[in-house]
Amino acid sequence: MKEQLRALVGAALVRAVADGALVSGVLPDIVIETPANPDHGDFATTVALGMARAEKKAPRQIAEIIIAHLPEGELVSSVEIAGPGFINFRVRNEAWRKVLPDIVRAGASYGRSDGGRGRKVQVEFVSANPTGPLHIGHGRGAAIGDTICRLLSVTGWDVTREFYYNDAGAQIANLALSVQARCLGIEAEDPRWPADGYQGDYIRDVGRAYLAKETVHADGQDVTGTGDPDDLEAIRRFAVASLRREQDQDLAAFDVRFDVYSLESDLYIDGRVDAAVKRLTEKGHTYEKDGALWLKTTDFGDDKDRVMRKADGGYTYFVPDVAYHLAKWERGFTRVINEQGADHHSTITRVRAGLQALDAGIPQGWPEYVLHQMVTVMRGGEEVKISKRAGSYVTLRDLIDEVGRDATRYFFVMRKPDSQLVFDIDLAKEQSNDNPVYYVQYAHARICSILENAREKGAVMPAPDAAPLHRLETAEEMALLKYLAVFPETVEGSAREFEPHRITGYLQELAGLFHGFYNRNRVLTEDGELTAARLFLLQGVAITLKNALAMLGISAPERM
RNA sequence: GCGCCUGUAGCUCAGCUGGAUAGAGCAACGGACUUCUAAUCCGUAGGUCGCACGUUCGAAUCGUGCCAGGCGCGCCA
């Protein structure tokens, strides 16, 4: 709709220049916007305001010229000049009604578009270390990352979902020591307890299972505990497998799936880490100091250089990260998006600096990042404190079990990633109109219920070509039609900016318009034609609600 | 001290990348169920958009400087 108007205004400008009414020869970008105030029409443009200077004319005068040169058409019903020089358009109701058959014909694919044109994109998200269960922060990352994948997919991208396991660093050694300590019956208060050991109950559980020689299945492999508390390597393998299985189950319960799991340990085994270091050194971006090998990240915008290889010979964490991202690039992903917690934002500069220093033809802004801010959990009006080391924190699993998958996902994506999120457990659990998830799902269920009643009464859903669209004319009906029409561009914007919350906002607005319609317009009436028209409209609303919910990985119940 | 994020109604947050009188939900107050699901709807009230300059026809939005909060600033990951 906006595109059609843009073309119309563009044609008017060209014609005005052709007959000499406009002289500057400067053709501005034509921005068509939707006024906040419906009294200002369906669409508005400010081109006349922008051209005032170059044309040396009053904006309102330019607006007159543009209007005088607008081509005739069936789209626009009225045009007027307002305020300092806005041009306001009103679109014919017939034009709005035409979106409805399109929606019904498109069905599950309404809202899809093809901006991605089948190009490959890889999205890495969650990437939790296998040292504990997934917590609420990972949950936000999982919900945002998964939704971004879905949004990219419906806008035409070929998406690969990837999870990276840091299974090779000091944290894993720490995990193994912690489990070993539990196996040996050492308590956290004991002086023999490992420094910075993980104290959560889950460590105790893993130790118990290891001693009981249980078998865990993770990543397509079985790992069996040997029961030997002195075999640290066996404990490590068992512990990592246990926690990976745990995380896999949590993610499955959240309906989040990955195409590829990458292991940090594999990067060492494959020699990719050494190769990356060698290449960085050959390119002359490193130097030795204080017994360590440094990367000159300051050449690439960092505020200080960073150690790559420690004096003890081990690599710092960002080195395998660089090797990993080089591998992503070599796998052919010219577009990569990393979804992470904002507490790790300092890695961005380092990883990008390392990639630039490799001189591998990787663009400067690659990879892209989506960072989400912290989550605070409220229960009973009080903040639930999180302490990972002490093991007292709300896990993703607890949350899903308590408030349900749909509500959990909805709440996690309801705010833009840049904003800190307050997760109110009591509110998320509430089955009332306070809870936005139920509000939206209820709208869908309500429509399904009406359609069901219609079938029982023998009312017939018209075919898209035969719907009596002209019977849709009340204010509520027109508002719904106009808002349905805007869904595809909402999806595109949401995908482009990595802002899933635009979809929840759209859903709430659409559900609100529907509920408002419902309370003032009866669908099943004695007037067969009117009934058919309204049934057809509701079908379009239900399709759009369901598609939008699907983009968030949330169900659209037919009964509540 | 430096970097990133945030600051909009009592609370939680939108604000479509510079437009018209700044919006929604909740909370408060007042209404609507013999009608397709009241898990709903309608109305009222609520604001120096953190503060100050600047950019211009026009700023919640862009720039600079302050103020406040969060997160980072390891030879931890």
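Chain A is the first sequence line, chain B the second, and so forth, proteins listed ahead of strands; every chain is numbered from 1. Worth saying up front: this structure is predicted, and the values here are computed from it rather than measured.
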Exercise. Between A/Tyr518 and B/U35, is there a side-chain N or O to OP1/OP2 distance below 4.0 Å?
Worked result: no
Problem set entry | Nearest-nucleotide comparison on RNA chain B, the residue closer to the 5′ end among A/Leu451 and A/Ala342 | A/Leu451
Seminar exercise, completed: Of B/U35, B/A77, B/G15, the nucleotide closest to the side chain of A/Arg350 is B/A77
For this session: Measure the distance from CZ on A/Arg520 to P on B/C36 and round it to the nearest whole Å.
Result: 18 Å
Exercise. Contact class for A/Thr34 (heavy atom, under 4.0 Å): base, sugar-phosphate, or nothing?
Worked result: base
Exercise. Is A/Ser449 touching bases, backbone alone, or none of the nucleic acid, heavy atoms closer than 4.0 Å?
Worked result: base
Problem set entry | C1' spacing across the pair B/A60 / B/U21, given as an integer number of angstrom | 15 Å
Problem set entry | Ion pair check, A/Arg471 and A/Asp527, cut-off under 4.0 Å | yes
For this session: Considering only atom C1', compute the distance from B/U6 to B/G19 and round it to an integer number of Å.
Result: 25 Å
Exercise. With rounding to whole Å, what would you report as the distance between B/A20 and B/G30 at their P atoms?
Worked result: 35 Å
Problem set entry | Same-atom distance (P) from B/A68 to B/C75, integer angstrom | 30 Å
Problem set entry | C1' atoms of B/U48 and B/G7, separation to the nearest Å | 15 Å
For this session: For A/Ala52, report the nucleic acid contact type (base, sugar-phosphate, nothing); a contact means any heavy atom under 4.0 Å.
Result: nothing
Seminar exercise, completed: Stems of at least 3 consecutive Watson-Crick or G-U wobble pairs (donor-acceptor distances under 3.5 Å) involving RNA chain B, listed by first number, are B:1-7 with B:67-73, B:10-13 with B:23-26, B:28-32 with B:40-44, B:50-54 with B:62-66
For this session: Run through A/His344, A/Lys328, A/Glu368 and flag the one making a side-chain hydrogen bond (donor to acceptor under 3.5 Å, both in side chains) with A/Asn338.
Result: A/Lys328
Problem set entry | Spacing between A/Glu264 atom CD and B/A77 atom P, to the nearest angstrom | 8 Å
For this session: For A/Ala445, report the nucleic acid contact type (base, sugar-phosphate, nothing); a contact means any heavy atom under 4.0 Å.
Result: base
Problem set entry | Selection from B/A14, B/G72, B/G19 that lies nearest to any side-chain heavy atom of A/Ser419 | B/A14
For this session: Go through B/C75, B/G69, B/C13 for me and flag the one nearest to the A/Gln420 side chain.
Result: B/G69
Problem set entry | Nucleotide nearest A/His501 when distance is taken to its side chain, options B/U6, B/G72, B/A14 | B/A14
Exercise. Is atom CD of A/Glu452 surrounded by more than 12 heavy atoms (other residues, nucleotides or ligands) closer than 6.0 Å?
Worked result: yes
Exercise. Do A/Gln441 and A/Asp406 have side-chain N/O donor and acceptor atoms under 3.5 Å apart?
Worked result: yes
For this session: Just compare B/C36, B/C75, B/G74 and give me whichever is closest to any side-chain atom of A/Lys304.
Result: B/G74
Exercise. Considering only the C1' atoms, how many Å lie between B/G46 and B/C53, rounded to the nearest integer?
Worked result: 30 Å
For this session: Assign each of A/Pro84 and A/Ile450 to its nearest nucleotide of RNA chain B by heavy atoms, then name whichever residue's nucleotide is nearer the 5' end.
Result: A/Pro84
Exercise. Can you find a pair of side-chain heavy atoms, one from A/Asn435 and one from A/Phe411, that are under 4.5 Å apart?
Worked result: yes
Exercise. Under 4.0 angstrom, heavy atoms only, what part of the nucleic acid is A/Asp321 near: base, sugar-phosphate, or nothing?
Worked result: nothing
Exercise. When we call it a touch if two heavy atoms are under 4.0 Å apart, what does A/Phe318 touch: a base, just sugar-phosphate, or nothing?
Worked result: nothing
Problem set entry | Between B/C49 and B/C57 - P atom distance, rounded Å | 23 Å
Exercise. Do A/Tyr506 and A/Thr544 come close enough that some side-chain heavy atom pair is under 4.5 Å?
Worked result: yes
Problem set entry | hbond_proxy A/Asn88 side chain to B/A20 base (donor-acceptor, 3.5 Å cutoff) | yes
For this session: Indicate, with a heavy-atom threshold strictly under 4.0 Å, whether A/Glu497 touches base, sugar-phosphate, or nothing.
Result: base
For this session: Mind checking A/Ala44 for me? I need base, sugar-phosphate or nothing, with any heavy atom below 4.0 Å counting as a touch.
Result: base
For this session: Would you kindly check whether a donor in the side chain of A/Tyr317 faces an acceptor in the base of B/A77, or vice versa, at under 3.5 angstrom?
Result: yes
Exercise. Which of the following nucleotides, B/C36, B/G15, B/C13, is nearest to the side chain of A/Val422?
Worked result: B/C13
Problem set entry | Distance in angstrom units between A/His372 NE2 and B/G70 P, rounded | 18 Å
Exercise. Syn or anti: how is B/C33 classified when any glycosidic angle within 90° of 0 counts as syn?
Worked result: syn
Exercise. Stepwise, does the side-chain contact (heavy atoms from CB on, under 4.5 Å) test hold for A/Thr347 with A/Phe318?
Worked result: CA-CA 7 Å; A/Thr347 65; A/Phe318 86 94; over 6 Å; no
Problem set entry | Closest nucleotide among B/G70, B/A77, B/C41 to the A/Tyr439 side chain | B/C41
Exercise. What form does the base of B/U17 take, syn (within 90° of 0) or anti?
Worked result: syn
For this session: Please report the C-alpha distance between A/Ser113 and A/Thr155 in whole Å, then the side-chain angles of each, then the deciding distance to 0.1 Å, and finally whether the side-chain hydrogen bond (donor to acceptor under 3.5 Å, both in side chains) criterion is met.
Result: CA-CA 5 Å; A/Ser113 54; A/Thr155 51; 5.3 Å; no
For this session: Describe the nucleic acid contact of A/Asp39 in one word from base, sugar-phosphate, nothing, applying a heavy-atom distance below 4.0 Å.
Result: nothing
Exercise. Does A/Arg446 count as lying over the ring of A/Tyr518, i.e. NZ or CZ under 6.0 Å from the six-ring centre, within 45 degrees of the axis?
Worked result: yes
Problem set entry | Nucleotide B/A27, atom P - distance to CG of A/Asp424 in whole Å | 13 Å
Problem set entry | Residue A/His345, side-chain atoms from C-beta onward, closest of B/G72, B/C75, B/C42 | B/G72
Exercise. For A/Met308 and B/A77, what is the distance between atoms CE and C1' respectively, to the nearest whole Å?
Worked result: 17 Å
Exercise. Under the 5.5 Å and 30° test, is A/Phe86 stacked on the base of B/G19?
Worked result: no
For this session: Measure the distance from CG on A/Leu507 to C1' on B/G25 and round it to the nearest whole Å.
Result: 15 Å
For this session: Identify whether any heavy atom of A/Thr46 sits under 4.0 Å from a base atom; if not, whether one sits that close to sugar-phosphate; answer base, sugar-phosphate or nothing.
Result: base
Exercise. For A/Lys416 and B/U17, what is the distance between atoms NZ and C1' respectively, to the nearest whole Å?
Worked result: 11 Å
Exercise. Cut-off 3.5 Å, side chains only: do A/Ser265 and A/Asp167 have a donor facing an acceptor?
Worked result: yes
For this session: Assess A/Arg244 against A/Tyr261: is NZ or CZ under 6.0 Å from the centre of the six-membered ring, and within 45 degrees of the ring's axis?
Result: yes
Seminar exercise, completed: Rounded to whole Å, the OH-P distance (A/Tyr483 to B/C16) equals 13 Å
Exercise. Which part of the nucleic acid, if any, lies within contact of A/Arg309, taking any heavy atom under 4.0 Å across all strands shown: a base, the sugar-phosphate backbone alone, or nothing?
Worked result: nothing
For this session: Would you indicate whether the side-chain heavy atoms of A/Val351 and A/Tyr324 approach each other to under 4.5 Å?
Result: no
Exercise. Of all the choices, B/C36, B/A77, B/C5, which nucleotide is nearest to the side chain of A/Asn129 once you look at every atom?
Worked result: B/A77
For this session: Identify which nucleotide among B/C71, B/A20, B/C57 has an atom closest to any side-chain atom of A/Asp343, counting heavy atoms from C-beta outward.
Result: B/C71
Problem set entry | Whole-Å P distance, B/C11 and B/G47 | 12 Å
Exercise. Do we count A/His40 as stacking onto B/A20 if the rule is ring centres under 5.5 Å and planes under 30°?
Worked result: yes
